[in-house]
Amino acid sequence: MKKLLQPDELARDARFSRVDMAERFNDKRTVNRDVDGEPGISSRNQRRLSPDTPGASDAARSLMHGIFVGEIQALEGAGRTCWDFEVGAGEDKVPFELKLDMARQCWDESRHCEISIKLSEWMGTELGEFGESAFLFQAACNADPVLRLTGVNRALEGLAIDVFNTMREFGKVAGDPVLEFCEDWMLADEVTHVKMGSDWLRRLTEDNPERRERALEFQRVVDKLFSLGGARGENDDSPIKLARRFRELAGFTNEEVDEIAGLAKEAAEELAARQAS
Amino acid sequence: MAKVTVDPTEFHYVKFDADTIAQLVGEVADLVGLPADALININIDESTPLGRTVLTSTDPITLSIEGGAFENAKAPRELSERSVRDVASRLLFRVSDRLSGRFDDAPPEGEVPLPHNVAWDVHSVGRSARAGINVSKPRRLYHFRNRHGFNDVADAAFETLWNADQLSWAELDALVTEVAAAKTPA
Amino acid sequence: MGDPRTPRAPFAPWDRRELPGKFDVEETARRVGNYKWIEMRLFEALGGWVATVPELDVKLRLGTHCYHHAWHAELWHKRLPELREMNQDRLTLPANDAVVTFMDAVTEPGDLEQTIEKLVGVYRVLIPHKIAAYTYHLNNTSSITDAPTMRSLRFAIADEIEDWRDGEMLLQSLLRDEGDVQRAATHQAKLETLIMKAGGITGPGSIGDAYDIGEGR
Ligand SMILES: [Fe+2]
Ligand SMILES: [Fe+2]
């Protein structure tokens with residue numbers, strides 16, 4: 001079996017269809033934030049999820065499907081980290097215990113997929129109903145294990161914390177006992193995964209500030225991409241709200257969360273500029 | 001078959017085809033049972049990926065559609081024939097209800113309260129399913145529960161709405177009132 | 001297959017409960033090091049395969065089983081220093097070169113059309129051999145001096161049997177015509193030959209010697 005798989009090589013059954021990121025970026029259609037409309041099928045709703053808006057349930061279904069395929073990619077990313085790197089001391093190698101953490105994460109993400117599948121059924125969503133973008137897995141393609149772990153476990157898994165917290169709140173407000181239950185459990189695991197990323201980043205770059213800076217820079221790039229054109233933010237009406245408290249539990253400092261909030265702002269401005277041009 | 005016009009006739013933001021949409025809506029109008037000489041206008045705002053759909057008028061029948069409502073969720077900017085049938089049948093059953101006299105007491109479109117809108121849609125989509133249109137009952141149920149509560153009373157009302165062939169506004173209003181009473185405050 | 005009339009021991013080598021303590025500390029550590037090496041190769045491959053398998057149920061089972069074997073590797077890793085090997089890496093080894101050849105062949109299939117080969121390698125060849133070697137070890141070691149190893153072996157065997165059943169059932173459900181059955185059988189025969197040449201996952205004597213009839217029996 002080869003090492004270092006690319007996003008377009010991820011194996012899926014015929015129900016799933018891959019959406020090209022370039023296609024999404026080239027989409028010139030704009031979203032009017034002030035309209036209380038149904039979210040449309042493209043999952044780009046720009047308002048906070050609330051059962052009081054007409055399209056909330058379809059927006060939740062679309063977001064939940066995005067989470068589901070994200071869980072598959074997180075599983076695949078953790079699995080590939082088990083396979084791609086040998087145990088050892090060099091920069092292209094990893095400690096034995098790091099691999100054990102990744103294997104544990106495989107199990108967790110498998111359960112998250114199972115939860116997501118049951119939840120999809122509960123929400124009336126067919127598997128593969130929405131297109132899948134492989135942009136999350138992109139973070140898992142880095143050949144430097146520290147950069148990969150920082151991209152996956154701090155950026156991707158950090159996004160998962162924000163999304164799960166948002167969905168848990170939505171479930172609570174809507175009175176949906178199943179949604180709230182599922183998000184609560186997944187959120188607990190994701191905090192663990194982000195903490196793994198924070199801990200390994202610290203341990204593996206203890207004597208190598210230059211490598212640590214490279215990893216943090218990679219995280220900034222990934223975090224900006226994961227700001228989803230500003231859909232993630234700190235405002236009360238942000239569709240995905242930065243979950244400060246859970247991020248702190250997972251080893252983020254206050255300044256680090258501030259920085260992500262700043263990146264989200266930049267991403268929103270860049271999207272607006274692209275759509276205006 | 002009803003005469004359907006689609007505006008615009010050519011699309012730039014999305015890869016829709018006006019003739020295909022007109023053909024599909026015409027077929028759906030027949031399934032819904034609208035008169036063969038009915039005139040139906042479809043106005044599409046292709047510049048937004050959102051999916052709001054509005055019955056703007058029953059005379060002439062006019063549907064205002066945001067492009068996202070007809071979009072293929074698996075392939076951005078592509079037309080989904082299933083979505084066109086789904087949306088058109090839901091709105092055209094409402095047209096047929098409004099023309100029947102049974103919904104004369106209903107507020108005008110735009111003023112129908114959200115809980116009633118959601119309930120009315122269930123009534124329409126249930127009939128779409130029986131007319132042979134490929135709609136998703138679980139999706140509607142989830143939508144209904146989000147609005148009306150995750151409880152047995154709401155689920156029973158959903159089944160009534162879904163299975164009924166000819167409700168009146170008064171009957172629909174009574175069901176909405178019943179589920180509202182059962183819903184625990186959020 | 002040899003002559004079926006060749007005499008065999010009336011008590012099989014793995015049924016020796018009344019004579020415990022077949023392994024000294026050094027041999028136990030050697031075996032435990034082999035176990036850790038095998039468990040690592042296995043969990044790494046299962047993790048790697050997850051992304052290459054299109055069947056959703058198989059993907060999720062592999063992700064789950066990946067952790068089981070990582071945990072076994074951790075148990076063996078922690079046992080080694082208790083067996084006087086403070087540098088675990090020194091004993092985290094394959095039993096012989098033929099075991100490496102075998103594991104390379106097990107983990108070789110990488111294409112998305114090769115789910116059958118992937119599952120055959122793990123669930124019809126490797127895991128049955130692990131269950132065999134672990135069982136042999138469990139039934140032959142001293143239940144007094146080596147109780148910690150036995151405890152880990154029992155946990156591992158319980159997982160292996162559960163996982164074997166999972167994998168075998170997935171495999172049965174994937175074999176849908178004669179061609180599939182043939183593919184599975186051919187691959188199994190190839191791998192079985194390799195592990196036979198290796199003598200099992202800890203080399204010759206992995207499950208004792210069933211033809212050792214001893215003296216005067
Ligand atoms: Fe997850
Ligand atoms: Fe995770």
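Chain letters run A, B, ... following the sequence lines, proteins first and then strands; every chain starts at 1.
Taken from CG in C:Leu112 to CG in A:Asp13, the straight-line distance is 11.0 Å, to the nearest 0.5 Å. Remark: C:Cys66 SG to A:Gln105 CD distance equals 10.5 Å, nearest 0.5 Å. One distance of note links CZ of A:Phe96 with CD of C:Gln88; it measures 8.0 Å at 0.5 Å rounding.
Taking 4.5 Å as the limit, some side-chain heavy atom of A:Phe16 sits within range of a side-chain heavy atom of C:Leu56. The side-chain heavy atoms of C:Leu60 and A:Ile72, taken from C-beta on, include no pair separated by under 4.5 Å.
Evaluation of the side chain to side chain donor-acceptor pair (under 3.5 Å) rule for A:Ser110 yields no partner, not counting sequence neighbours.
Between chain A and the options C:Ala45, C:Ala51, C:Ala73, C:Gly47, heavy-atom pairs under 4.5 Å are most frequent for C:Ala51. Taking A:Glu9, A:Lys3, A:Arg12, A:Glu97 one by one and counting their heavy-atom pairs under 4.5 Å with chain C, the maximum is reached by A:Arg12. The most heavy-atom pairs under 4.5 Å with chain A, out of C:Thr64, C:Leu62, C:Asp57, come from C:Thr64.
Of residues 131-143 of chain A, not one residue has a non-hydrogen atom less than 4.5 Å from any non-hydrogen atom of chain C. Residues of residues 188-202 of chain A having a heavy atom under 4.5 Å from any heavy atom of chain C: none. Residues of residues 80-93 of chain A that come closer than 4.5 Å to chain C, counting heavy atoms only, are A:Arg80, A:Cys82, A:Trp83, A:Val87, ordered by residue number.
Heavy-atom neighbours of C:Trp164 CH2 from other residues, nucleotides or ligands within 6.0 Å: at or below the threshold of 12. Heavy-atom neighbours of C:Met196 CE from other residues, nucleotides or ligands within 6.0 Å: above the threshold of 12. Counting non-hydrogen atoms of other residues, nucleotides and ligands closer than 6.0 Å to CG of A:Asp8 gives a total above 12. Environment of CD in C:Gln172: crowded, with over 12 heavy atoms of neighbouring residues, nucleotides or ligands closer than 6.0 Å.
At least one donor-acceptor pair closer than 3.5 Å links the side chain of C:Lys59 to the backbone N or O of A:Ala11.
For a residue to count as touching a neighbouring chain, one of its non-hydrogen atoms must lie under 4.5 Å from one of that chain's; by this rule A:Leu10 touches chain C with backbone and side chain alike. Within the 4.5 angstrom heavy-atom criterion, no atom of A:Lys2 approaches chain C. Proximity to chain A (any heavy atom under 4.5 Å) is shown, for C:Glu55, by neither the backbone nor the side chain. With a 4.5 Å cut-off on non-hydrogen atoms, A:Arg15 touches chain C through its side chain but not through its backbone. Only the side chain of C:His77 has a heavy atom closer than 4.5 Å to any heavy atom of chain A.
Shown are C:Val53, C:Thr52, C:Val50; of these, the side chain to side chain contact (heavy atoms under 4.5 Å, CB included) with A:Glu76 is made only by C:Val50.
Residues A:Ala103 and C:Tyr67 come closest through the heavy atom pair O-CB, 3.4 Å.
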Pair A:Lys99-C:Glu44, side chain to side chain contact (heavy atoms under 4.5 Å, CB included): steps then yes or no:
CA-CA 8 Å; A:Lys99 281 203 185 214; C:Glu44 290 163 353; 2.7 Å; yes
